[in-house]
Amino acid sequence: MPSSDTSSLEERIKRSIALQGPMDLATFMAMALGDPKEGYYMSGDPFGKAGDFTTAPEVSQMFGELIGIWILDQWQKAECPSPFHLIELGPGRGTLMADMVRTLSQHPKAKEALSLHMVETSPSLQSKQQQALKGFTQQGIKARWHETIESLPKGAPHFIVANEFFDALPIHQWIFHKDKWHERIIGLGKDKNLAFGLGPVRDLGDKTCPEAPKDGAIWEHAPLASALCQTLARSMAETGGAALFIDYGYKKSALGDTLQALKAHQFADPLHAPGKQDMTAHVNFESLEKAVQTAAPSLSSVLTTQGSFLLEMGLLQRAGQLGTGKNHEEQESIRDAVERLAAPDQMGELFKVMAILPQGIDAPGFSN
Ligand code: SAH
């Protein structure tokens, strides 16, 4: 496609399908979210009330503070290495990183040893993150931005955090039809609009289907998420460190269609207006755990729910502290944030927290 092409992303996708045939869902998702000109994350700011969705760090500063404490604990268990890299994948507005760094900075040695690394593809979000972290960089804390994990520095331990990052990575869907798995593809319907269809037959290879499929069953695969997890685990095994991944998803592989699009806090048709609405899939934590085991047997992983993690990390105590001396309205809003982050019918159960640690090291937040 020539770079001077001025047609919309949707037109370009349709033209590509008309000329080269249907595309798989992973290709479509990668274009809808990451097209350099019109990809969903590449220009606007999708977060918060005025945007399309609200993430945990945007609900309350307590989220990032408790994660900051978790990182501090792991850093101390690793015998306070200096220097160390605090890495965030997909930092959005930079809120989580700012809350973590504020917390870590209360420990003078950690503040001195710390350098920040943001892995972010979107130039507009990169500049938001620079703004959010300005106070810290002005105090001399080093911060660097990376488009991919490939340019992350080696040589010092990696402490990695990712919130709602893995759900934004492209997935493939396979669909079961007449006793065979097929790639689910996107082509043009009779009305010339984008439409799902049945693609080539897929061989199971060494994969084991999680349950007996019925006709029409959907099985999702996220090879990019697994590959990223493997690369990160390998470098952590080499350099030391720990990781915390938080996302909505499932603990055990299962069949089902979890692809979803969100526009202005409402569900939307995933094939409608590519680039103009968020598009995600639930994260298969079992396959991330397998990726870690395969890539780095010297590491272990543990998994729990967000509610259980935050409560064990002291969410209620922190809420109590924050609320002290505040007026009734502010106290109510802190109480609402606790509910939102930890209640089972809100983010508490659907969101999972996975930690990757050196074997033999324990971590707070994972007793249940
Ligand atoms: N962690 C933030 C934002 C979550 S949204 C929060 O909790 O508020 C997903 C983030 O990942 C955005 O910053 C988006 O631009 C970034 N992102 C999506 N795909 C990416 C990729 N392949 N590489 C790096 N960043 C990516």
Side-chain angles (χ1 to χ4, degrees), residues 26-68 86-101 116-133 144-152 160-171 222-229 231-232 243-249 260-263 265 274-275 277-283 306 310 337 340-341 347 350-354:
T27 308
F28 177 79
M29 238 177 129
M31 289 177 85
L33 295 176
D35 177 78
K37 257 199 319 188
E38 285 180 77
Y40 178 71
Y41 287 116
M42 299 312 267
S43 49
D45 176 354
F47 307 104
K49 267 195 190 142
D52 295 325
F53 56 91
T54 304
T55 57
E58 304 300 332
V59 170
S60 166
Q61 68 186 75
M62 295 183 285
F63 183 77
E65 289 169 347
L66 296 174
I67 292 176
L86 179 61
I87 299 165
E88 188 178 348
L89 312 175
R93 281 179 172 171
T95 311
L96 170 57
M97 186 54 109
D99 291 335
M100 288 194 292
V101 177
L116 315 179
H117 297 271
M118 275 60 61
V119 181
E120 175 59 70
T121 38
S122 157
S124 69
L125 290 175
Q126 279 198 7
S127 65
K128 283 229 151 70
Q129 293 154 18
Q130 274 153 9
Q131 278 302 320
L133 298 172
R144 271 177 59 195
W145 275 261
H146 306 261
E147 261 189 62
T148 71
I149 60 168
E150 303 305 325
S151 57
L152 287 172
I160 309 171
V161 173
N163 185 60
E164 291 209 40
F165 169 76
F166 283 96
D167 66 38
L169 299 180
I171 60 155
L224 182 59
S226 296
L228 271 175
C229 213
T231 309
L232 294 167
L244 204 60
F245 299 154
I246 306 119
D247 230 307
Y248 45 94
Q260 66 180 41
L262 273 182
K263 178 82 192 158
H265 302 263
Q277 55 191 20
D278 186 34
M279 204 179 189
T280 58
H282 286 203
V283 173
Q306 176 169 304
L310 292 176
R340 188 116 184 244
L341 293 172
M347 298 174 95
L350 177 61
F351 280 73
K352 312 288 185 293
V353 183
M354 172 180 161

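As the structure lists them, so they are numbered: ligands from 1, and atoms in each ligand from 1. Not measured: the values here are computed from a predicted model.
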**Heavy-atom closest pair, residues Ser151 and His146** = OG-ND1, 2.8 Å
**Request:** List the atom of Asp35, the atom of Met42, and the distance in Å for their closest heavy-atom pair.
**Result:** O-CG, 3.1 Å
**Message:** Evaluate Ile160 against His117 for side chain to side chain contact (heavy atoms under 4.5 Å, CB included), listing each step before the verdict.
**Reply:** CA-CA 9 Å; Ile160 309 171; His117 297 271; over 6 Å; no
**Asked** Are any of the side-chain heavy atoms of Met97 and Gln129 separated by less than 4.5 Å?
**Response** no
**Prompt:** Any idea which residues sit under 4.0 Å from ligand 1, heavy-atom distances?
**Reply:** Tyr41, Phe47, Thr55, Pro57, Glu88, Gly90, Pro91, Gly92, Val119, Glu120, Thr121, Ser122, Leu125, Asn163, Glu164, Phe165, Leu169
**Result of checking Phe166, Phe245, Tyr248 against Phe351 for ring pair (Phe, Tyr, Trp, His ring centres under 6.0 Å)** = Tyr248
**Message:** Using modelled atom types and a 3.5 Å cut-off, is there a donor and acceptor pairing between side-chain atoms of Glu58 and backbone atoms of Thr95?
**Reply:** no
